**Student:** 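Below are the structure tokens for one structure; questions will follow.
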Amino acid sequence: ITLYNSLLKANHIVLTYGTAWVYRHIESDLIVANCHKLPNKLFLKELLTPDQVAQSFEASVALIKTINPDIVVIATVSPVRHIKDGMVQNSQSKAHLLSGIHQIISPKHHIYYFPAFEIMTDELRDYRFYKENLIHPNQQAITYIWEQFSESWFRPETKAIMQEVSQIKRALAHKPIHPNTSAHNDFELQLEQRIIAFKASYPNIIL
């Protein structure tokens with residue numbers, strides 16, 4: 001119900017695809033979302049074709065738009081490497097995702113693509129932008145990709161709201177050295193007034 005209500009209110013939704021490798025339950029012949037720690041012998045590992053990825057993506061978009069026909073869909077491919085599948089297999093997987101997703105991308109129908117994968121692998125393309133495991137992007141890379149996304153999709157007024165939220169959250173996380181002082185009491189009062197004003201202006205945003 002929470003997801004349904006969120007989709008009803010949303011203007012945009014981001015769908016991030018991580019891998020085209022799936023597991024099929026042999027007995028039911030269905031692709032599973034969770035193996036529930038059952039034995040490996042009960043499943044077959046398969047690589048979805050680009051056409052299968054496209055069909056899955058299209059079905060997801062169609063389902064979302066039955067709830068909210070005007071929602072804007074933004075698709076991305078995760079730059080996180082799925083090394084457990086193997087280096088070659090990871091490359092195959094990402095290639096199939098990219099090929100399949102781009103079959104459905106259509107600005108005319110409010111379906112867009114954000115190149116998080118390409119920014120990480122082609123623009124940053126250096127191991128200093130990865131965590132020590134060389135699989136996950138580090139904070140510097142995450143910040144950079146987020147800045148590119150913000151620049152592409154956020155209006156100036158949205159950026160101003162984000163900055164206000166960030167400042168309020170930093171203030172809430174602040175741990176005073178001298179809590180029992182008039183200066184700190186003034187700080188807390190000003191923060192409380194700031195939060196009240198923000199909630200009055202943006203009642204749908206949860207701090």
Side-chain angles (χ1 to χ4, degrees), residues 1-125 130 135-137 141-142 145-146 148-154:
I1 295 176
T2 302
L3 176 58
Y4 179 83
N5 291 335
S6 296
L7 286 174
L8 281 175
K9 299 175 184 177
N11 296 317
H12 298 71
I13 184 171
V14 179
L15 301 178
T16 301
Y17 289 80
T19 180
W21 287 102
V22 298
Y23 291 85
R24 186 180 297 276
H25 186 234
I26 296 172
E27 184 177 350
S28 64
D29 196 34
L30 295 174
I31 293 173
V32 299
N34 192 319
C35 69
H36 300 289
K37 297 184 179 180
L38 295 174
N40 291 342
K41 65 181 181 181
L42 299 179
F43 303 92
L44 292 175
K45 184 177 180 179
E46 298 179 8
L47 180 65
L48 295 179
T49 67
D51 286 344
Q52 287 174 318
V53 171
Q55 291 167 10
S56 176
F57 178 36
E58 188 173 32
S60 297
V61 171
L63 185 60
I64 291 168
K65 286 184 175 286
T66 61
I67 300 172
N68 185 341
D70 299 322
I71 198 167
V72 174
V73 178
I74 305 169
T76 72
V77 171
S78 170
V80 175
R81 293 186 173 103
H82 285 249
I83 299 301
K84 66 178 182 179
D85 292 323
M87 292 294 290
V88 173
Q89 291 81 358
N90 174 70
S91 295
Q92 284 181 297
S93 169
K94 299 296 186 184
H96 284 208
L97 289 176
L98 291 166
S99 179
I101 288 171
H102 280 286
Q103 292 183 38
I104 311 302
I105 296 301
S106 171
K108 177 182 177 181
H109 297 100
H110 306 298
I111 306 171
Y112 297 87
Y113 178 75
F114 176 73
F117 177 81
E118 290 81 358
I119 291 172
M120 187 71 201
T121 57
D122 296 327
E123 187 173 350
L124 300 181
R125 64 178 185 187
Y130 285 88
I135 296 174
H136 296 89
I142 292 170
I145 293 172
W146 176 247
Q148 301 308 305
F149 183 84
S150 301
E151 198 63 34
S152 299
W153 283 99
F154 295 159

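For clarity, every value in this text was computed on a predicted model and none was experimentally measured.
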**Student:** Strictly by side chain to side chain donor-acceptor pair (under 3.5 Å), give each pair with a member in residues 110-121 just once, sequence neighbours left out.
**Tutor:** Tyr113-Glu118
**Student:** Suppose the criterion is side chain to side chain donor-acceptor pair (under 3.5 Å): which pairs have a residue in residues 53-77, not counting sequence neighbours?
**Tutor:**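 Counting only pairs at least two positions apart or across chains, the side chain to side chain donor-acceptor pair (under 3.5 Å) contacts touching residues 53-77 are Thr16-Thr76.
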**Student:** Once side-chain contact (heavy atoms from CB on, under 4.5 Å) is applied, do any residues pair with Ser91, and if so which ones, sequence neighbours excluded?
**Tutor:** none
**Student:** Between atom OG1 of Thr2 and atom CG of Leu7, what is the distance when rounded to the nearest 0.5 Å?
**Tutor:** 11.0 Å
**Student:** Is there a side-chain contact between Ile67 and Leu8 (heavy atoms, below 4.5 Å)?
**Tutor:**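 Ile67 vs Leu8: side chains touch.
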**Student:** Filter on ring-ring contact (aromatic ring centres under 6.0 Å, His included), then keep only pairs touching residues 52-96, sequence neighbours left out; what's left?
**Tutor:** Tyr17-Phe57
**Student:** Over all heavy atoms of both residues, which pair between Ala141 and Met120 is shortest? Give the atoms and the distance, please.
**Tutor:** CB-SD, 3.8 Å
**Student:** Checking Ile31 now: which residues fulfil side-chain contact (heavy atoms from CB on, under 4.5 Å) with it, not counting sequence neighbours?
**Tutor:** Val22, Arg24, Leu48
**Student:** How would you list, by chain and number, every residue that makes a side-chain contact (heavy atoms from CB on, under 4.5 Å) with Val80, sequence neighbours excluded?
**Tutor:**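 Per chain and number, Val80 pairs via side-chain contact (heavy atoms from CB on, under 4.5 Å) with Ser78, Ile135, His136, Pro137.
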**Student:** Nearest 0.5 angstrom please: Leu97 CG to His102 NE2, how far?
**Tutor:**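 It is 10.5 Å, given to the nearest 0.5 Å.
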**Student:** About how many Å separate CG of Asp122 and CZ of Arg125, when rounded to the nearest 0.5 Å?
**Tutor:** 7.5 Å
**Student:** Of all residues at least two apart in sequence or in a different chain, which pass the side-chain contact (heavy atoms from CB on, under 4.5 Å) check with Ala54?
**Tutor:**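 Ala54 satisfies side-chain contact (heavy atoms from CB on, under 4.5 Å) with Gln103, Ile104 once adjacent residues are dropped.
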**Student:** Write down the atom of Ile101, the atom of Ala75, and the distance for their closest heavy-atom approach.
**Tutor:**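 Closest approach of Ile101 to Ala75: CG2-CB, 3.9 Å.
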**Student:** Which side chain to side chain donor-acceptor pair (under 3.5 Å) pairs, counting each pair once, include a residue from residues 27-37, with sequence neighbours left out?
**Tutor:** His25-Ser28
**Student:** Any idea which heavy atoms bring Val53 and Ala20 closest together, and the distance?
**Tutor:**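 Smallest heavy-atom distance, with atoms named: CG2-CB, 4.3 Å.
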**Student:** How would you list all residue pairs meeting salt bridge (Lys or Arg N to Asp or Glu O under 4.0 Å) that involve residues 76-92, not counting sequence neighbours?
**Tutor:**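 Checked against salt bridge (Lys or Arg N to Asp or Glu O under 4.0 Å) - neighbours excluded - the pairs reaching residues 76-92 are Lys45-Asp85.
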**Student:** side-chain hydrogen bond (donor to acceptor under 3.5 Å, both in side chains) with His109: which residues, sequence neighbours excluded?
**Tutor:** Ser106
**Student:** Side chains of Trp153 and Val14, heavy atoms from C-beta outward: is any pair under 4.5 Å?
**Tutor:**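 No, too far: nothing below the 4.5 Å cut-off.
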**Student:** Checking Ser99 now: which residues fulfil side-chain hydrogen bond (donor to acceptor under 3.5 Å, both in side chains) with it, not counting sequence neighbours?
**Tutor:**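 In terms of side-chain hydrogen bond (donor to acceptor under 3.5 Å, both in side chains), with neighbours along the sequence ignored, Ser99 is linked to no residue.
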**Student:** Do the side chain of Ser93 and the main chain of Gln89 share a donor and acceptor less than 3.5 angstrom apart?
**Tutor:** no
**Student:** Name the residue from Val32, Asn40, Leu42 that meets the side chain to side chain contact (heavy atoms under 4.5 Å, CB included) definition with Tyr23.
**Tutor:**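 The option that passes is Val32.
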**Student:** Please round to the nearest 0.5 Å and tell me the distance separating atom CD1 of Ile105 and atom CG of Leu98.
**Tutor:**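 So the gap between those two atoms works out to 10.5 Å.
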**Student:** Would you give the length of the straight line joining atom CG of Leu15 to atom CD1 of Ile74, rounded to the nearest 0.5 angstrom?
**Tutor:** 9.5 Å
**Student:** For Phe114, check ring-ring contact (aromatic ring centres under 6.0 Å, His included) against everything at least two apart and list the hits.
**Tutor:**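 By the ring-ring contact (aromatic ring centres under 6.0 Å, His included) rule, Phe114 matches Phe149.
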